[in-house]
Amino acid sequence: MLAIRLTAEPDRLDTVALPVRPSGADEAPAEPVPTAVALPDGVADTAVALVPLARLTGRAGEVRDQLRPGAVPTRLLLVGIGEGDEAAWRSAGAALVRAAKDETHVTFGLPVGVSPEAIRGLVEGLLLGSYRFRLGADADAPALAGVDLAVADPDAHEQAVELARTTARMTRLARDLTNTPSSVKNPQWFADQVAEAAAGLPGLRLRVREPEQLAAEGFGGILAVGAGSASGPRLVELDWQPTEAATHVVLAGKGITFDTGGISIKPVPAMKLMRKDMAGAAAVVAATLGAAALRLPVRVTALAPLAENMVSGGAFRPGDVVRHYGGLTSETTNSDAEGRLVLADALAYAVQELKPDLLIDLATLTGANAVALGTRTGALYSDNDQLAKDLLAAIDAAGESAWRMPLTADYVEHLGSDLADLYSAPTQGAGSVLAALYLREFTGDLRERWLHVDMSAPSWCERDDAELTRGATGWGVRGLLRWLATFA
């Protein structure tokens, strides 16, 4: 990960970046922002002269560079910071690392009085925008290894940098887990990665249930979905329980390490990216690790039900009846609606055994998410107005996006089955809403303290966009960590 250093005395000045903001006047050029520390003679004058010539607007993420042979610095980058809020600085950081990828080091001169929020956004942008995932050698890997942030008082910003560094590290972990091909990634591999990540953080407890334990305890949904694969299912339970915690939050995440659709097989175009179908599990595990790394005073338990949904003689069939943890049954109308089956077990277990104060689940659950809200926004469902408001605010502050959707009462009748308690995937009504209503049936007396996010669409990005890079986004880690920090 990119090395970030706060300094009041910058000493590596081959490449220097300076912030530029809109002037505020109609049709007036942008203007360089005065920096907190002195930079080499002539740099400020060059910036003032270059801004109008380059027709800079100062919008967040805009970058222009100037070569200065024989001078110090030899390369000057002007970086737009827009309105100067945290989101704008996040975009600026991501744009800077892409523009300077062939340099080995950059010093960024920051404004007088720069806020901790701006520093946090900038560092997140730098660390997330520089993310790459490759298997094997990468001949095109960026050369950029470090960024110095030149500020008047480095000590005042250490906490903001550490928050950003931890958030980015956990988001990058979720991206790594999700990007890993399913030829490598199966339920046991995922569990091993969690164990490795948790080993360096004191205070975490990890339990991994294997098929024998799942069968003995009645996790019928997880077992049914995993039955068609040679790689057996698992249930990962990761618990952070600080002594001062007054609130217990359970985070459940769908963990399908590859989804063929089962007997209701997917077409090839819909199947080729199904290594991402465990992005919810990756997000809740990474957020729990982040809570432990930041020593947040809130108890967090991550539940990651893991399975491969494969086609074989042992695969579950459309029309089968599955008995979930706790006894509720589902008629499985479509084996490609498998994520809700494994989540149902996890939710029922959380309600009956863990008895948390709040219950949140994240899942790459339906294609209907993207139809309704596009490619960047998760669909959020809850009967609890305050919980929905609080989590939406945290998601927005973190630079992610979600929109609250209705739990439409008219659709509940479609869940009724002649054979079982529930249909797993009714064909009537809006798919994402129906999936949320189905999951709600497993929340018991936590129904009013439960929240579900269908994050299939924003879990993946087809192109670089601000702090997002092509591939897995790690969606949910940043928002969850912001929200969990409010319990401090």
Side-chain angles (χ1 to χ4, degrees), residues 214-215 217-228 233 235 252 254-256 259-266 277 280 303 305 307 309-352 359 361 363-369 371-372 379 381-383 405-448 450 452 454 456:
L214 294 172
E217 296 181 41
F219 289 93
I222 301 173
L223 288 166
V225 175
L235 175 62
K254 173 186 171 184
I256 303 300
D259 182 17
T260 66
I263 289 176
S264 308
I265 197 163
K266 294 177 182 287
D277 213 18
L303 296 175
N309 188 23
M310 300 293 281
V311 182
S312 77
F316 77 107
R317 295 159 291 260
D320 283 358
V321 172
V322 171
R323 185 173 297 278
H324 295 278
Y325 189 96
L328 276 179
T329 56
S330 294
E331 183 180 350
T332 60
T333 50
N334 180 349
S335 70
D336 193 23
E338 82 299 327
R340 65 198 70 185
L341 298 179
V342 301
L343 270 178
D345 276 4
L347 295 176
Y349 168 74
V351 171
Q352 295 180 44
L359 178 60
D361 75 80
T364 53
L365 210 58
T366 72
N369 169 206
V371 174
Y381 299 88
S382 182
D383 288 314
M405 300 285 281
L407 285 161
T408 310
D410 292 351
Y411 288 165
V412 174
E413 64 183 280
H414 301 318
L415 295 173
S417 164
D418 293 334
L419 293 177
D421 295 308
L422 301 164
Y423 274 133
S424 64
T427 56
Q428 310 97 319
S432 183
V433 178
L434 277 162
L437 288 168
Y438 170 83
L439 291 176
R440 190 177 68 176
E441 295 297 315
F442 294 87
T443 61
D445 59 8
L446 283 175
R447 175 171 167 161
E448 299 297 327
W450 160 78
H452 160 67
D454 187 343
S456 182

Peer 1: For A252, enumerate each residue passing the side-chain contact (heavy atoms from CB on, under 4.5 Å) test, keeping only those at least two apart in sequence or located in another chain.
Peer 2: L303, L343, A346, L347, D361
Peer 1: Applying side-chain contact (heavy atoms from CB on, under 4.5 Å), can you list everything that pairs with D320, at least two apart in sequence or on another chain?
Peer 2: F316, R317, T332
Peer 1: Scan residues 420-445 for pairs that pass salt bridge (charged side-chain N to carboxylate O under 4.0 Å, His left out), counting only residues two or more places apart or in two chains.
Peer 2: D383-R440
Peer 1: Does any pair with a residue in residues 425-437 pass salt bridge (charged side-chain N to carboxylate O under 4.0 Å, His left out), and if so which ones, sequence neighbours excluded?
Peer 2: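 Sorted result for residues 425-437: empty, none.
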Peer 1: So which atom in S424 and which in S330 form the shortest heavy-atom distance, rounded to 0.1 Å?
Peer 2: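 Reported closest heavy-atom pair: CB-CB, 4.5 Å.
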Peer 1: Would you compute the distance between atom CG of L446 and atom CG of L359 and round it to the nearest 0.5 angstrom?
Peer 2: 6.0 Å
Peer 1: For residues 409-419, which side-chain N or O atoms pair as donor and acceptor with protein atoms under 3.5 Å away, sequence neighbours left out?
Peer 2:
from	atom 1	to	atom 2	distance (Å)
S417	OG	E331	OE1	2.5
S417	OG	L419	N	3.0
S417	OG	A420	N	3.1

Peer 1: About how many Å separate CG of L223 and NE2 of H324, when rounded to the nearest 0.5 Å?
Peer 2: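 That separation rounds to 11.5 Å.
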Peer 1: Is there a donor-acceptor pair under 3.5 Å between the side chain of T333 and the backbone N or O of A425?
Peer 2: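 It does hold such a pair.
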Peer 1: What residues form a side-chain contact (heavy atoms from CB on, under 4.5 Å) with P318, not counting sequence neighbours?
Peer 2: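 side-chain contact (heavy atoms from CB on, under 4.5 Å) check on P318 returns I263, S264.
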Peer 1: Measure across L407 and A436 and return the closest heavy-atom pair with its distance rounded to 0.1 Å.
Peer 2: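 Closest heavy-atom pair between L407 and A436: CD2-CB, 3.8 Å.
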Peer 1: Go through the side-chain N and O atoms of S456 and N369 and say whether any donor and acceptor fall under 3.5 Å apart.
Peer 2: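 Not at all, the side chains of S456 and N369 share no donor-acceptor pair under 3.5 Å.
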Peer 1: Going by side-chain hydrogen bond (donor to acceptor under 3.5 Å, both in side chains), name the residues that satisfy it together with T364, two or more places apart in sequence or in a different chain.
Peer 2: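 So T364 forms a side-chain hydrogen bond (donor to acceptor under 3.5 Å, both in side chains) with D277.
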Peer 1: Do any pairs count as a ring pair (Phe, Tyr, Trp, His ring centres under 6.0 Å) and have a residue in residues 415-440, sequence neighbours left out, and if so which ones?
Peer 2: Y438-F442
Peer 1: List the atom of K254, the atom of A363, and the distance in Å for their closest heavy-atom pair.
Peer 2: CB-CB, 3.7 Å
Peer 1: For S335 and N309, work out which heavy atoms get closest and say how close.
Peer 2: O-ND2, 3.0 Å
Peer 1: State whether the side chain of T329 and the backbone N or O of V322 hold a donor-acceptor pair below 3.5 Å, judged by distance alone.
Peer 2: no
Peer 1: Does E217 have any side-chain hydrogen bond (donor to acceptor under 3.5 Å, both in side chains) partners at least two apart in sequence or in another chain, and if so, which?
Peer 2: R207, R209
Peer 1: Given side chains that start at C-beta, do those of P305 and D345 come closer than 4.5 Å, heavy atoms only?
Peer 2: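 Heavy-atom side-chain distance check fails, nothing below 4.5 Å.
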Peer 1: Taking all atoms of both residues into account, what is the closest heavy-atom pair of T443 and V351, and its distance?
Peer 2: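 Of all heavy-atom pairs spanning T443 and V351, the closest is O-CG2, 3.3 Å.
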Peer 1: Quick one: closest heavy-atom pair of A379 and M405, and the distance?
Peer 2: CB-CG, 3.9 Å
Peer 1: According to ring pair (Phe, Tyr, Trp, His ring centres under 6.0 Å), who are the partners of Y381, at least two apart in sequence or on a separate chain?
Peer 2: H452
Peer 1: Run the side-chain contact (heavy atoms from CB on, under 4.5 Å) test against A435 and tell me which residues pass, sequence neighbours left out.
Peer 2: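 Scan of A435 (side-chain contact (heavy atoms from CB on, under 4.5 Å), adjacent residues dropped) gives R340, L365, T366.
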